[in-house]
Participant: 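Sharing a structure here in C-alpha cells format.
Every value quoted in this text rests on a predicted model; they were computed, and no experiment measured them.
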Amino acid sequence: MNRSILLCGLFIASFAQANTSSSYDVETIAVPKGQTLHVTGLDVDPEGNVYCATRYGDVWIYNNKGEWAQFAEGLQEPCGLLVDDDGSVVVTQKPEMTRLVDTNNDGVADKYLTLSNAFDFHNNYHEYNYGGVKDRDGNYVGTLNLAAGPRVPGLKMGAMTSAGGYRGWAYKVTPKGEFIPFANGMRSPAGIGKNGEGELFYTDNQGDYVGTSQLNHLQEGKFYNHPLSLLEKGFSAEKLKGMEDEAFDAMRTLPVVWIPQAELANSPGNPEWNATKGKFGPFDDQFFIGDQTRSNVFRATLQKVGGRYQGCVIDFLSGFQSGAIRLKFDQKGALWIGETGRGWAARGAKLYGLQKVTWNGKMPFEILDVKLVKEGFRVSFTQKISFDSLVDSEINLSRWWYQYHRIYGSPKVGEKSVPIHNMEILPDQQTLMIRCNVVKEQVYCLDLSSVLNIEGNALGNVKAYYTVVNLVD
C-alpha cells in the first residue's frame, strides 16, 4: 500500500457547458498522481475530511488540508461508503458489507471486518451492492442489484436475471451483524438517501419493469418494480414465468417521482438531502441527485398527498467532468461530487474525478418548488417574477405516464397538452398559481420558459416535472 501523503491543489473549473450558474462555483480536485479515482462511495467526516471509495477497490482520504492519503485497498468494486460515529468506515462492496478500522491511528485501515455477507454474490458484473446510509435505529442499509447477462444461471425476465440470494432487495444490518431483508422489487437501485426526518429513499435506473428512472420512498414490506426479487417471497421460478405483467403491476408501489429519461437523467445515483440551512442557497429541504450519464445534478422536492410522498424534479447544474454518481454535503454547506464513467457513456469527457460545488451568495433565478393544490399547481420562484412576462405569453403544460412491462424502458404514454384555465401571480410576486384540471397517475411537465424576473432575466432551468399519484382532497 502507498502510505505516502500527496499534496494536491485544486482549481476553479471553467464550467462552460449548459445549465451553468453565476451563483455557484465548481472546484475540480486534482486526484492522487497515477490513480484512477473512479469515486463510487463518498462521505465527509465532521472535520471536513472527504472519504472516497473507488470502483477499483481502494479507499482514499482527501483531508481538510488538501492532502490525499490511501486508507484501504483490495475491496471488490465498493459502491457505498459511510464514516461511522467511531471513525471506522463501513463500505458496501460486491460480496459483503465491511467495516474498515484503523486500530493504531496511523491513517491506514488494518482490520477489514465482515458486517454481513448473508446475501448471495455470483460474481456477475451487474451485482452491485449499494450503501452509505444508517437508518433512524442505527442499522446500516444496503440495496442489491439484479444480475445481467447469461453468465449467472437462473431465472431471466426482461434484461435481468437472478439466481436468488436476495438480489433486488433492500436490507439492513444491525450493529450486532444481523442481516434483515426488508423491501424488494429493485432493479438497479444505485443510491440510497434520507430526508430530514430520517426516512429512507432510493433511486432506480430505467430498464425492464422501470419505464424511466425514478425516486422511491423505501419502506418495509413494499414491492417496487422487478419481479425477480419475489424468488425470496415464496414465488417459484415456474410461478413467476406464468404470471402476466399486469399481476406484478397490481402489487407494486408507485414512485415518488418519475425522472424523464434523457431530459433530466439516465442513470441517477444517491439522493442527498440539503440540510445546510441556507449555506447552499435557497434550496433547503430538497434532495440533490447526480446522474452518471448526463453528468449533471438535479433537484427533487417532496409533498405528502393522501398519506404518501410525491413531488417534482428540476434540473440544477450540468457540465460536470464525469458521471456524477455520488453526492455529499459537508458541514460548511458545500456539495461534493464523486464521479465515474465506469465504462458506460457519460457526457463529461473525463473518466473519473472529484468536484465540489459552493454557493457564492448570489441569489439564482430558479423554480424553487412546485406543489399540487386543488386548483392545479402552485409554483414558487427564488426571485420576484415580472407581471409583464406573463402578459400574452404561453406557459406550456403537458402530461403523460409510463408503461410497466418487461420491455426495456417505456415511451411517454398518452402524452398530451393540458389547457390552463387561468394564471395568477400572488401578492409575494414569487408565487405563480396555475389553474387547470389535474388527474392522478400522470407526470406533468411545466414549461416556464416565458417567465422572467423583474429585471427581465430568464430562468436558469425552465422545466419542472411533477408526478401526480394522489390528488389533493
Side-chain angles (χ1 to χ4, degrees), residues 10 13 24-29 31 37-55 58-64 66 68 71-72 78-85 87-92 100 130-135 140-143 189-196 198 200-203 215 267-277 279-281 283-292 295-300 316-317 320-340 348 352-359:
L10 50 83
Y24 291 88
D25 299 323
V26 180
E27 297 173 332
T28 299
I29 310 301
V31 303
L37 201 81
H38 290 259
V39 182
T40 49
L42 183 67
D43 201 3
V44 184
D45 72 14
E47 287 74 43
N49 303 303
V50 182
Y51 288 68
C52 301
T54 79
R55 76 178 187 91
D58 303 320
V59 175
W60 286 82
I61 302 173
Y62 182 72
N63 71 22
N64 53 24
W68 283 103
F71 181 72
C79 284
L81 181 147
L82 168 72
V83 181
D84 212 348
D85 298 336
S88 65
V89 175
V90 175
V91 293
T92 43
L100 308 175
Y130 305 101
V133 170
K134 288 171 73 171
D135 67 14
Y140 306 94
V141 180
T143 54
I192 320 170
K194 299 186 293 186
N195 66 2
L200 297 168
F201 293 77
Y202 81 96
T203 60
L215 174 69
S267 307
N270 68 292
E272 174 70 2
W273 189 253
N274 179 9
T276 64
K277 297 181 179 179
K279 295 177 183 176
F280 199 69
F283 307 113
D284 279 353
D285 300 326
Q286 299 183 7
F287 276 123
F288 284 72
I289 306 170
D291 189 71
Q292 190 274 330
S295 304
N296 67 316
V297 173
F298 60 96
R299 298 183 283 119
F316 177 61
L317 289 177
F320 291 98
Q321 65 180 353
S322 188
I325 192 68
R326 291 288 170 257
L327 306 185
K328 185 67 181 181
F329 281 107
D330 66 20
Q331 287 71 22
K332 294 182 179 179
L335 181 62
W336 291 83
I337 317 290
E339 299 158 338
T340 178
Y352 53 83
L354 179 67
Q355 293 182 292
K356 182 174 74 168
V357 183
T358 54
W359 181 46

Participant: Could I get the full list of side chain to side chain donor-acceptor pair (under 3.5 Å) partners for S322, not counting sequence neighbours?
Facilitator: none

Participant: Should V133 and D135 be marked as a side-chain contact (heavy atoms from CB on, under 4.5 Å) after you check the CA-CA gap, both sets of side-chain angles, and the distance that decides it?
Facilitator: CA-CA 7 Å; V133 170; D135 67 14; 5.9 Å; no

Participant: When you measure from the side chain of T203 to the backbone N and O of N270, does any donor-acceptor pair fall under 3.5 Å?
Facilitator: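 The answer is no, because no donor-acceptor pair under 3.5 Å joins these two groups.
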
Participant: Specify the closest pair of heavy atoms between W336 and V44, including all atoms of both residues, with the distance to one decimal.
Facilitator: CD1-CG2, 4.0 Å

Participant: Drop me the distance from K332's NZ to T358's OG1, to the nearest 0.5 angstrom.
Facilitator: 11.0 Å

Participant: Measure up the W68 and W60 rings against each other and bin them: parallel (under 30°), tilted (30 to 60°), perpendicular (over 60°).
Facilitator: perpendicular

Participant: With a 3.5 Å distance limit and no angle check, can you tell me whether D330 reaches the backbone of G48 through a side-chain donor-acceptor pair?
Facilitator: no

Participant: Do the ring planes of F287 and W273 sit parallel (below 30°), tilted (30 to 60°) or perpendicular (above 60°)?
Facilitator: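 Rings of F287 and W273: perpendicular, over 60°.
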
Participant: So how far is it from C79 SG to I192 CD1, rounded to the nearest 0.5 Å?
Facilitator: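 It comes to 11.0 Å.
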
Participant: Atom CD in Q286, atom CZ in F298: separation rounded to 0.5 Å?
Facilitator: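 Separation between the atoms: 12.5 Å.
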
Participant: Which heavy-atom pair separates A324 from N296 by the least distance, and what is that distance?
Facilitator: CB-O, 3.8 Å

Participant: Look up atom CD1 in I61 and atom CG in D45, then write down how far apart they are to the nearest 0.5 Å.
Facilitator: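 It comes to 8.0 Å.
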
Participant: Which atom names give the shortest non-hydrogen contact between S295 and G323, and what distance separates them?
Facilitator: OG-N, 3.8 Å

Participant: Is the backbone of A275 close enough, under 3.5 Å, to the side chain of D284 for a donor and an acceptor to pair up by distance?
Facilitator: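 No, the answer is negative, given that no donor and acceptor are paired below the 3.5 Å cut-off.
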
Participant: To the closest 0.5 Å, what do you measure between CD (E27) and CG (L354)?
Facilitator: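 So the CD of E27 and the CG of L354 are separated by 10.5 Å.
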
Participant: If you take all heavy atoms of I325 and V39, which pair is closest and at what distance?
Facilitator: CG2-O, 3.4 Å

Participant: Quick check on the 6.0 Å ring-centre criterion: do Y202 and Y130 meet it?
Facilitator: no

Participant: Is the backbone of P78 close enough, under 3.5 Å, to the side chain of T40 for a donor and an acceptor to pair up by distance?
Facilitator: yes

Participant: Examine distances only and state if a side-chain atom of K279 and a backbone atom of Q331 form a donor-acceptor pair shorter than 3.5 Å.
Facilitator: yes

Participant: Using the salt bridge (Lys or Arg N to Asp or Glu O under 4.0 Å) criterion, which residues pair with K134? Sequence neighbours excluded.
Facilitator: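 If we apply the salt bridge (Lys or Arg N to Asp or Glu O under 4.0 Å) test to K134, skipping adjacent residues, the hits are D84, D85.
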
Participant: When you measure from the side chain of T92 to the backbone N and O of G142, does any donor-acceptor pair fall under 3.5 Å?
Facilitator: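 Here the side-chain-to-backbone pair does not exist.
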
Participant: So which atom in E272 and which in L327 form the shortest heavy-atom distance, rounded to 0.1 Å?
Facilitator: OE1-O, 3.7 Å

Participant: L81 and C52: which non-hydrogen atoms are nearest, and at how many Å?
Facilitator: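 Result for this residue pair: CD1-C, 4.2 Å.
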
Participant: Checking the side chain of E339 only, and the main-chain atoms of F320 only, is there a donor and an acceptor separated by less than 3.5 Å?
Facilitator: no

Participant: How far does CH2 of W359 sit from CG of D25, to the nearest 0.5 angstrom?
Facilitator: 12.0 Å

Participant: Looking only at atom types and distance, does a side-chain atom of Y24 sit under 3.5 Å from a main-chain N or O of F280, one as donor and one as acceptor?
Facilitator: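 Looks like yes, one N/O pair under 3.5 Å.
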
Participant: Within the side chain of N64, is there an N or O that forms a donor-acceptor pair under 3.5 Å with the backbone of E47?
Facilitator: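 Yes.
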
Participant: Keeping the roles fixed (side chain from R326, backbone from T340), state whether a donor-acceptor pair exists under 3.5 Å.
Facilitator: no

